[in-house]
Amino acid sequence: MSVRCGIGYDLHRLATGRPLIVGGVELPFDKGPVGHSDGDVLAHALCDALLGAAGLGDIGTHFPDTDPRWKGANSLLFLQHAKKLLDEKHFEIAWIDAVVITEKPKLGPHFPRMREALAGALGVASHLIHLKAKTNEGVDAIGRGEAIAAHVVVTLTHR
Ligand SMILES: [Zn+2]
C-alpha cells in the first residue's frame, strides 16, 4: 500500500446579497462568494487536494468555468465526481484536514453539518474530515471581509 498527499487552495471574493455556501452548507450571512458555481471555497480546495493527490489535475481541468453546465452548480457535485475518479484509480481517502479563513461569520458552529455534507458527497465517514476556522486578524482582503479562502490537505492510500 502506498500513501499520497494532496494540497488544495481556493479563494473567492465576497459580495452582498449572494448566498454563503461553505462545505455544502448555506450559512446565514449578508454576503456570499462571487463565482461561476456556488463558490464553495472549502469544496473547491478539497476537490483540488483530492485530484492533486491522485495525479488527476485540478478542478479547472474537470469543471471549466466556461462551461454553462457548472453555472451556479452545487460544488458537492464536483466532489462526487472526484470521488468517482479516485475509485476508478483505486485510491481511498484516509484523512482530510482543512482550514477555512474568513473574518465573519463564525464557522465553528456549522462544522458538524459541513462534515456531514462533505462526507455524504465523498461516501466516507465524517470522522475522517477535520475542519478548522481562522480569521485574518483584520488584515488584508480577507480581514476586511472582502474574501473567503480555504486550504485543504488530503491523504490517500493506494491499493
Ligand atoms: Zn472556487
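- Looking only at side-chain heavy atoms (C-beta outward), E92 and R159 come within less than 4.5 Å of each other.
- To the nearest 0.5 Å, the span separating CD1 on I59 from SG on C47 amounts to 4.0 Å.
- The two residues G145 and L14 have their closest heavy-atom pair at O-CD1, 3.7 Å.
- For the pair R115 (side chain) and I129 (backbone), a donor-acceptor distance under 3.5 Å is present.
- Both L42 and L128 are assigned to one and the same hydrophobic cluster, defined by single-linkage of ILVMFWY side chains at heavy-atom distances under 4.5 Å.
- If you take CD on Q80 and CG on L76, they are separated by 7.0 Å, rounding to the nearest 0.5 Å.
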I'd like to know whether L50 forms a side chain to side chain contact (heavy atoms under 4.5 Å, CB included) with L122, so could you lay out the CA-CA distance, the side-chain angles of the two residues, the decisive distance to 0.1 Å, and finally the verdict. CA-CA 10 Å; L50 292 166; L122 293 172; 3.7 Å; yes
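- Between G23 and A117, the closest heavy-atom pair is O-CB, 3.5 Å.
- Minimum interatomic distance between A45 and A150 (heavy atoms only, all atoms of both residues): CB-O, 3.7 Å.
- Ring-plane geometry between H151 and Y9 is classed as tilted, the angle between the planes lying from 30 to 60 degrees on a 0 to 90 degree scale.
- Two residues are said to be in side-chain contact when any heavy atoms from C-beta on lie closer than 4.5 Å; V100 and L131 fail this criterion.
- The two atoms that bring H62 and D58 nearest to each other are CD2-O, 3.2 Å, heavy atoms only.
- A salt bridge links K132 with D97; the closest basic N to acidic carboxylate O contact falls under 4.0 Å.
- Taking the six-membered ring where the residue is Trp, the centroids of H44 and F78 are separated by under 6.0 Å.
- Checking E116 against S126 by side-chain atom types alone, a donor-acceptor pair falls below 3.5 Å.
- With hydrogens and angles disregarded, a donor-acceptor distance shorter than 3.5 Å links the side chain of R4 to the backbone of A53.
- Remark: H158 NE2 is packed, more than 12 non-hydrogen atoms of other residues, nucleotides or ligands lying under 6.0 Å away.
- Inter-residue side-chain proximity for I148 and I142 is flagged as unmet; no heavy-atom pair is nearer than 4.5 Å.
- Within 6.0 Å of atom CD in E88, more than 12 heavy atoms from other residues, nucleotides or ligands are found, so the atom counts as buried in its surroundings.
- Within the 3.5 Å criterion, the main-chain N or O of S75 finds no donor-acceptor partner in the side chain of D40.
- Here the side chains of E26 and L20 are not in contact, with every heavy-atom distance at 4.5 Å or above.
- The minimum heavy-atom distance between T157 and A94, with the atom names listed, is CG2-CB, 4.1 Å.
- Atom NE2 of H12 is separated from atom OG of S37 by 5.5 Å, given to the nearest 0.5 angstrom.
- Both F91 and L118 are assigned to one and the same hydrophobic cluster, defined by single-linkage of ILVMFWY side chains at heavy-atom distances under 4.5 Å.
- Summarising the local packing, CZ of R18 is surrounded by more than 12 heavy atoms from other residues, nucleotides or ligands at distances under 6.0 Å.
- For the pair L27/L107, a side-chain contact is recorded, criterion being any heavy-atom separation below 4.5 Å from C-beta on.
- Using a distance-only test at 3.5 Å, with no hydrogens or angles considered, a donor-acceptor pair links the side chain of E103 to the main chain of G138.
- Side-chain contact between I101 and V99: present, with at least one pair of heavy atoms (C-beta onward) separated by less than 4.5 Å.
- Contact detail for H110 and P28: the closest heavy-atom pair is CE1-CD, 4.1 Å.
- Under a hydrophobic clustering in which Ile, Leu, Val, Met, Phe, Trp and Tyr are joined whenever their side-chain heavy atoms come within less than 4.5 Å, directly or via other members, V22 and L46 fall into the same cluster.
- Distance check: I21 CD1 to M114 CE gives 11.0 Å after rounding to the nearest 0.5 Å.
- Hydrophobic clustering of Ile, Leu, Val, Met, Phe, Trp and Tyr side chains at less than 4.5 Å, counting indirect connections, unites L86 with I96.
- Of the charged side-chain nitrogens involved, none lies within less than 4.0 Å of a carboxylate oxygen, so that R144 and D140 do not count as a salt-bridged pair.
- Counting non-hydrogen atoms of neighbouring residues, nucleotides and ligands closer than 6.0 angstrom, the NZ atom of K83 exceeds 12 such neighbours.
- Note: L51 CG to L56 CG = 6.0 Å, rounded to the nearest 0.5 Å.
- The CD1 atom of I93 sits 10.5 Å away from the OG1 atom of T155 when rounded to the nearest 0.5 Å.
- Residues F63 and V154 do not share a hydrophobic cluster, clusters being chains of Ile/Leu/Val/Met/Phe/Trp/Tyr side chains in contact below 4.5 Å.
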